[in-house]
Amino acid sequence: MKPDFTRRLLQWNKNSNNRAMPWKGEKDPYKIWLSEIILQQTRVEQGWSYYEKFIAAFPTVMHLAKANDEKVFKMWEGLGYYSRCKNLIASARKIASDYKGKFPDTYDEIKALPGIGPYTAAAVSSFAFNAPHAVVDGNVQRVLARYFGIATPIDTTAGKKEFQTLAQSLLQLDEPGTYNQAIMDFGAVICKPQNPLCSDCVQNKACEAFKQQTVTQLPVKQKAIIRRERWFYYFIIEYKGKWYIKQRTAKDIWENLFEFVLFESPKAADDITPRLPFLKKLVNGTPFQIESISRIYRQQLTHQTIHGRFIKIRVQEALPTLSNYSLIDKKQLVNYAFPRVITTFLGEPASPAQLF
DNA sequence: AATACGGGGGC
DNA sequence: GCCCCAGTATT
């Protein structure tokens with residue numbers, strides 16, 4: 001005997017769900033997995049073109065496993081959360097080596113791959129193999145919190161456990177994949193974060209939040225986000241038509257992406273005069289010429305605001321202080337993945353040299 | 001249990 | 001500006 005919620009959901013799915021996406025109904029676990037990694041904390045509209053680009057470039061997991069890191073990162077550029085890309089590559093290679101290119105078909109094996117947690121393991125195993133695991137993503141938490149009137153914060157251990165258990169109890173065991181797809185579509189199309197379509201909703205008579213008029217207050221989140229500001233001064237050092245770049249390795253934003261010579265300042269500065277000692281030490285006596293100084297580029301991340309400024313310098317001799325950097329021809333820069341603040345700067349016409 | 005990790009779109 | 005998005009890994 002199915003719960004009322006499940007019955008109504010499947011009824012809505014059959015009669016009224018028109019949502020179409022490139023990966024919907026897909027049975028190839030590789031393609032499902034790729035779509036799920038791309039969509040982690042990412043809106044469908046944002047991930048859509050990336051998915052199509054990746055499938056075209058890497059039709060199978062073996063294609064992806066054999067690709068070089070830089071190419072894959074370049075294709076991921078702009079999508080954010082770059083550890084997903086690193087883990088994507090690592091998983092593909094693990095499937096190639098440990099599974100001979102055949103995607104693992106159990107929840108536990110899938111979850112053991114890097115970058116795959118409970119949500120993604122449930123999604124891939126249920127969509128591809130009809131494994132009986134309920135997905136719990138932001139959509140599901142919102143739908144269930146409202147329908148059952150649950151005020152337990154979703155970002156706590158207790159809340160996660162509660163929603164996971166509830167979701168699993170509502171799962172339709174005949175076709176877990178269909179059910180999982182339906183509840184996420186329902187959350188995205190009807191039970192939306194803002195302006196949900198309650199008056200047209202087939203569940204509204206039984207929906208606790210609708211009855212109690214608490215729809216806009218659910219789900220509850222506990223943690224407030226703390227923001228910090230950072231000031232990045234990028235020195236673009238040109239030598240014989242080549243620029244110095246380096247891959248970020250620190251446990252920080254943009255790990256594995258490339259950047260120019262960075263001086264991070266603890267506070268804002270209107271002009272770059274305070275950066276001169278850094279520059280002097282960098283060139284260490286080598287003659288240099290300041291070619292241009294950009295405006296300040298602002299990039300808003302979830303937890304940080306980046307203020308970026310770019311100073312172009314030309315030198316006539318290579319700089320020994322930059323031995324751990326690569327000298328890349330300007331035309332080759334398109335092969336390297338950079339953070340948004342840098343690609344935005346590079347995409348704009350050069351600003352006229354301004355002195356300070 | 002808390003924190004870090006991007007970027008974009010809607011309001 | 002603030003919130004949220006087909007979450008996961010690390011500390």
Side-chain angles (χ1 to χ4, degrees), chain A residues 19 21-24 26 32-51 73 76-88 90-91 110-124 126-127 133-143 153-161 163-164 167 177 180-189 191-196 216-230 248 250-257 298-306 337-344:
Chain A
R19 198 180 191 206
M21 296 169 291
W23 48 83
K24 193 161 162 180
E26 179 60 57
I32 296 166
W33 163 68
L34 177 64
S35 72
E36 294 301 342
I37 302 299
I38 287 174
L39 293 172
Q40 285 169 4
Q41 288 293 287
T42 304
R43 288 167 304 106
V44 163
E45 310 83 72
Q46 192 186 355
W48 192 301
S49 66
Y50 283 84
Y51 172 80
F73 269 98
W76 196 273
E77 182 185 67
L79 196 52
Y81 282 170
Y82 296 94
S83 68
R84 291 185 293 173
C85 184
K86 181 183 128 200
N87 288 330
L88 189 80
S91 283
I110 293 169
K111 186 166 179 305
L113 297 167
I116 296 192
Y119 163 78
T120 306
V124 175
S126 69
F127 293 148
H133 296 273
V135 293
V136 181
D137 70 337
N139 289 306
V140 175
Q141 290 171 328
R142 184 174 59 254
V143 169
I154 59 174
D155 55 351
T156 59
T157 305
K160 282 175 190 145
K161 197 175 168 188
F163 284 100
Q164 182 72 55
N180 280 337
Q181 184 64 58
I183 191 169
M184 288 193 286
D185 285 346
F186 182 79
V189 175
C191 199
K192 301 182 291 179
Q194 287 119 22
N195 305 321
T216 57
Q217 300 164 41
L218 295 173
V220 174
K221 274 194 182 175
Q222 191 166 73
K223 301 180 184 83
I225 50 176
I226 301 161
R227 289 196 170 76
R228 67 167 166 148
E229 299 199 69
R230 301 172 74 175
R248 286 174 69 87
K251 294 290 176 212
D252 192 1
I253 54 172
W254 308 327
E255 188 180 356
N256 292 309
L257 268 56
R298 177 194 163 88
Q299 184 181 11
Q300 185 64 57
L301 309 183
T302 302
H303 295 86
Q304 303 183 26
T305 303
I306 309 298
F338 293 96
R340 253 314 182 241
V341 68
I342 291 181
T343 57
T344 302

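Please read these numbers as outputs of a predicted model, since none were measured by experiment. Throughout, protein chains are lettered first and strands after them, A, B, ... in sequence-line order, and every chain is numbered starting at 1.
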> OP1, OP2 of C:dT8 versus side-chain N and O of A:Thr120: anything below 4.0 Å?
Replying inline: yes

>> Using whole Å, what does the distance between atom C1' of nucleotide C:dT8 and atom CG of A:Leu39 come to?
In response: 15 Å

> Taking the six-membered ring for Trp, does A:Tyr81 stack with B:dG6 (centroid gap under 5.5 Å, planes within less than 30°)?
Replying inline: yes

>> What is the distance, to the nearest angstrom, from the CD1 atom on A:Ile253 to the P atom on B:dG7?
In response: 8 Å

>> In whole Å, I'd like the distance from the NZ atom of A:Lys251 to the P atom of B:dC5.
In response: 11 Å

>> Categorize A:Gln141 for me: base, sugar-phosphate, or nothing, with a 4.0 angstrom heavy-atom threshold over every strand shown.
In response: nothing

> In whole angstrom, what separates A:Asp155's CG from B:dT3's C1'?
Replying inline: 12 Å

> When the distance from CD of A:Gln222 to P of B:dT3 is rounded to whole Å, what number comes out?
Replying inline: 11 Å

>> Measure CG/A:Asn87 against P/C:dG7 and give the value in whole Å, please.
In response: 16 Å

> Using atom P of each nucleotide, how far apart are C:dT11 and B:dG6 to the nearest Å?
Replying inline: 15 Å

>> Nearest whole Å is fine: how far is C:dA6 C1' from A:Asp185 CG?
In response: 10 Å

> In whole Å, what separates the P atom of B:dC5 from that of C:dA6?
Replying inline: 23 Å

>> For a quick check under 3.5 Å, do A:Gln40 and A:Tyr119 share a side-chain donor-acceptor pair by atom type?
In response: no

> Rounded to the Å, how far apart are A:Gln41 CD and C:dC3 P?
Replying inline: 15 Å

> Any idea which of C:dC4, C:dA6, C:dT8 is nearest the A:Gln194 side chain?
Replying inline: C:dC4

